[in-house]
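Quick notes on the structure that follows.
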Amino acid sequence: MLHGVELDRVGIEGWLANYQRKELLRILTCGSVDDGKSTLIGRLLHDSAGVFEDQLKALKKDTTRYGTTGEEIDFALLMDGLQAEREQGITIDVAYRYFSTPKRKFIVADTPGHEQYTRNMATGASTADLSIILIDARRGVLPQTRRHAFICSLLGIKHVVIAINKMDLVGYDEAVFEQIRRDCVDFLAKLPVVDLHFIPMCARRGENVVERSETMPWYKGGPLLDYLENVHIASDRNLIDFRMPVQLVLRPNLDFRGFAGTIASGVLRVGDEVVALPSGRRSTVKQISSAGSAREEAFAGMAVTLTLDTEIDVSRGDTFVRPNNAPPLDNAVEAMVVWMSEAALEPGRSYLMQQAALLAPATVTHLRYRMNIETLRSESAEQLKLNEIGRIRLECARSLAADSYAKNRHTGAFILVDRMTNATLAAGMILDRTPAERALETEQRARHGQDPVAQQSGIGPEQRARRVGQRPFAVWLTGLPHSGKSSVAYALEQALFDRGYHALVLDGELLRAGVSRDLGFSAADRAEHTRRAAELVRMFLDQGLIVIGAFVSPSEQIRDNARSIVGPARFLEVHCDSPLEVCESRDVERLFERARRGEIANVTGIDQPYETPLQPDLRLDTAATGVAPNVARLVDLLDSRGWLTLA
Amino acid sequence: MSQYNLSHLEQLEAESIHILREVVAQFQKPVMLFSIGKDSMAMLRLAEKAFAPAKLPFPLMHVDTTFKFKEMIAFRDRIAKERGHELITWINQEGVKAGVSPFSVGTQRHTHVMKTEALKQALDHYGFDAAFGGARRDEEKSRAKERVFSFRDRFHQWDPKNQRPELWSLYNGRVAKGESIRVFPLSNWTELDVWLYIHREGIPVVPLYFAKERPVVNRGGTWIMVDDDRMPLEPGEAPQMRKVRFRTLGCYPLTGAVESDASNLTEVIEEMLRSRSSERQGRVIDYDEAGSMEQKKREGYF
């Protein structure tokens, strides 16, 4: 219909010239059958002539058989593709519809509103530029409206149209429209949706769908199609950060070696220097060809083939970037995932990760939380079930040249595939990490010598130790509260100081007043407290210092963890062994007594167990033996190990 | 439009090239089903672009039902020769021996034996693990939910309830031995897009798409072309010359012509822009029963 009018105006040659400039808009529609979503899409297709007469004829036949609208044509039946769905009257899967106007071509991803909606909406949303969220004017903003808006924002859709439908059933009342609009703005303010638009309509009668309706003179905006034809989407693309994942290496003969792939973002010109990740090798672009013809310049969205000035080793899964604009090269990422399989996600399991052209084994090391999409709050979870959304940490067997999804929809996205069944299990979106999170990861990897990329100091721990002039080590004193750890610690510190060493005491009690003041005494908090203590010990050791730690550290696991953080080769575990009765007798704060009476909880030795170290480097009897002889034993041991280098 | 925008046709082209390359990167032995029609020709051009300057990294295969229009067969052989592509032609010899024809066993049975069964035979015979087809989602309702990478079990069956979710441009092509993937690079193209691309690229198509005086008989409101003497005429039925063309091409007894004056490409495009009926209207087999395409696809049809 619309094309016919345009043809009469400009003729076929003019029409063909115009289509060269026609844009593509990908739309997602969200809402349930009851909101009139299928009717809306049916209307768009019909009124813009995307429905043909023979299809309409089949539709009339179907309406009598399956329809729910009586005499009127049930446009919803156009949308429900599969036989089973037609019979059950529900849309199970994502269906794609197409229509065009003289201005734009549209691809509509239609997703079901209820069952499986998370999985299907995420699928439809992954490629959409814009989403239409339907609201039934009689019912206003519902929990499902929030869910739809959340999934749209999670999948990075920047333009949202709120279609307030069935206005005829509320008497075309402006107040109803206004109230719903205000309600939407209230909760959408929390989500990163860039562009929000409201249209009152009656899809069944085609009011404000393709044509402006006279029934709502208070509405000054245009109909839906008008908006879809004109919304500005060109600036949604990232033209700054050049990224091109290599899909395929073309080698038709010995003289030609082309790297084929689709430019994910940015612009590239002949003569530009490029860096291949993860190898970091550099070369210069010699030729660019796109769709078979040579070009001087190529940009985001184009499928191209590059040749380079020099031969460098690049294969599928590598990514070309520009010097000084590279994504962080990491093999661990934090990500939001939408779980799409009956078999739940469980932390510790290994999957295949497909990101751009990369396919590599990856392990979910942590499930940080599950997102409750009814309340939009995070909650702790052991697993993620079908249609649940959560945040994970994923460790990949290969380095990933990945941006965050917010920065780059193409390189920041991934799927997880089951290694046995090959099923697609999850859709993932890589998150930007806070500087603190990134620093922590970097520290951990630097300690294990795994990080080839992180900035590192040019001065190593050995050089610092030489400057200080001593061999750094840690004496880790463990034992019940009041077992005498601190007394031994400070006496040892004094003894070492007197001999010319730089040593310091880290006392658990004191750390709890500062570094760990946010922590309590639960098992998890104790583990975290000891972990922090061990990290501090390690940092001091790396400066060349000797550290004497006095920490209850009640379990083997906690002590093992501390040993591995500090490094076993410079860690001396010393058990300050004293029976509970003796410790109690020294307890001026009456800690144990109060715990026995139940006034306080989580006291080691009373309601929290203390696991006696099975194989400490040294066991000191801190009940019967005095501090001085114990310190002398300790010094002897250190001497015998050759750790006291000043002699 | 700024200088860094792609038109809708350029975006579709880039997407299709991405899909074609992804298949060649992920699979051992792909093949391109070549049905000689306009969609196949557009898909072929996209493949040539995707791998240029290299030759196509897979053969073309035509499943010949022996009832294709003569002009189609001549066109097929000319294109393969001119473009230097490897072409495999597969005919279900058992069907030929059993004398299966649309006239002897009916259209549905003929399609099943000579097309669906033949295709499965050919895929098994050569051990192809991925097969490109030119089908589009706008063709028919059950196609609207088809994935770009459409998984088939070792019996070549499609299970609409058990499709892999397909997000972004990440295509999961992992299959176990014996399983395969049907791939549809033109999924997001419409009939109009294909014609516009043919126009833009100057792609040759079988002349049957353009209106010409042809010998036809009217059966059930559809013009059927009398392409050779295998077609039995009803008593009192005589072929008449009509100016007709085809919007879609299949087996001649199963493909209806439309009366038209559109004798060149721009006229065809203009006719379509003003048209009020879909291209599959001419396909006799689709209208046999509701959900018939879905049923055929479950059995292994493209």
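- Counting heavy atoms from C-beta on, the side chains of Leu24(A) and Glu10(B) never come closer than 4.5 Å.
- A donor-acceptor contact shorter than 3.5 Å is absent between the side chain of Glu13(B) and the backbone of Ala291(A).
- Heavy-atom distances place no part of Ser16(B) under 4.5 Å from chain A, backbone and side chain included.
- Atom CZ of Arg104(A) and atom OG of Ser7(B) lie 13.0 Å apart (nearest 0.5 Å).
- Residues His410(A) and Trp168(B) are not in side-chain contact: their nearest non-hydrogen atoms beyond the backbone lie 4.5 Å or more apart.
- Considering only heavy atoms from C-beta on, Lys22(A) stays 4.5 Å or farther from Leu196(B) through its side chain.
- Considering only heavy atoms from C-beta on, Met302(A) stays 4.5 Å or farther from Tyr4(B) through its side chain.
- Only the side chain of Gln11(B) has a heavy atom closer than 4.5 Å to any heavy atom of chain A.
- Side-chain contact, Asn5(B) with Arg21(A): no donor N or O sits under 3.5 Å from an acceptor N or O.
- Per-residue counts of heavy-atom pairs under 4.5 Å with chain A were compared for Ala54(B), Ala50(B), Gly173(B); the largest is that of Ala54(B).
- Contacts of Leu192(B) with chain A are made by side-chain atoms alone, with heavy-atom separations under 4.5 Å and no backbone atom involved.
- Looking only at side-chain heavy atoms (C-beta outward), Phe51(B) and Leu248(A) come within less than 4.5 Å of each other.
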- prompt: For Thr190(B) and Lys105(A), what are the C-alpha separation, side-chain angles and deciding distance, and is it a side-chain contact (heavy atoms from CB on, under 4.5 Å)?
  reply: CA-CA 10 Å; Thr190(B) 60; Lys105(A) 160 164 173 155; 3.6 Å; yes

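- Going from atom CG of Leu425(A) over to atom CG of Asn172(B) covers 9.0 Å, rounded to the nearest 0.5 Å.
- Ranked by heavy-atom pairs shorter than 4.5 Å toward chain A, the options His199(B), Arg45(B), Lys55(B) are led by His199(B).
- Contact count versus chain A (heavy atoms, under 4.5 Å) is highest, among Thr266(B), Asn188(B), Leu46(B), for Asn188(B).
- More than 12 heavy atoms of other residues, nucleotides or ligands shown are found within 6.0 angstrom of CZ on Arg251(A).
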task: May I have the step-by-step check of side-chain hydrogen bond (donor to acceptor under 3.5 Å, both in side chains) for Arg21(B) and Thr305(A), ending in yes or no?
output: CA-CA 11 Å; Arg21(B) 287 170 168 176; Thr305(A) 303; 2.9 Å; yes

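- Side-chain atoms of Tyr96(A) and Glu146(B) include no donor-acceptor pair closer than 3.5 Å.
- The nearest pair of heavy atoms linking Pro53(B) to Pro252(A) is CG-CG, 4.1 Å.
- Top candidate by heavy-atom pairs under 4.5 Å with chain A, chosen from Glu179(B), His18(B), Glu270(B), is His18(B).
- Within 6.0 Å of the CD1 atom in Ile12(A), the count of heavy atoms belonging to other residues, nucleotides or ligands exceeds 12.
- Residue Thr421(A) comes nearest to Arg164(B) through the heavy atom pair O-NH2, 4.3 Å, listed as atom of the first residue, atom of the second, then distance.
- Judged by distance alone, with hydrogens and angles left aside, the side-chain atoms of Gln354(A) form a donor-acceptor pair with the main-chain N or O of Tyr171(B) at under 3.5 Å.
- Heavy-atom contacts from other residues, nucleotides or ligands closer than 6.0 Å to CD of Glu82(B) number more than 12.
- You'll find the side chain of His8(B) stays beyond 4.5 Å of the side chain of Glu23(A), heavy atoms only.
- When all heavy atoms of Ala52(B) and Leu250(A) are compared, the pair lying nearest together is O-CD1, 3.8 Å.
- At least one side-chain heavy atom of Phe299(A) sits under 4.5 Å from a side-chain heavy atom of Leu6(B).
- In this structure, the side chain of Ser126(A) does not engage the main chain of Leu167(B) through any donor-acceptor pair within 3.5 Å.
- Of the listed residues (Glu48(B), Glu267(B), Glu15(B)), the one with the most heavy-atom contacts under 4.5 Å to chain A is Glu15(B).
- Between the side chains of Thr424(A) and Arg174(B), no donor-acceptor pair of N or O atoms lies under 3.5 Å.
- The two atoms that bring Asn422(A) and Val175(B) nearest to each other are ND2-C, 3.7 Å, heavy atoms only.
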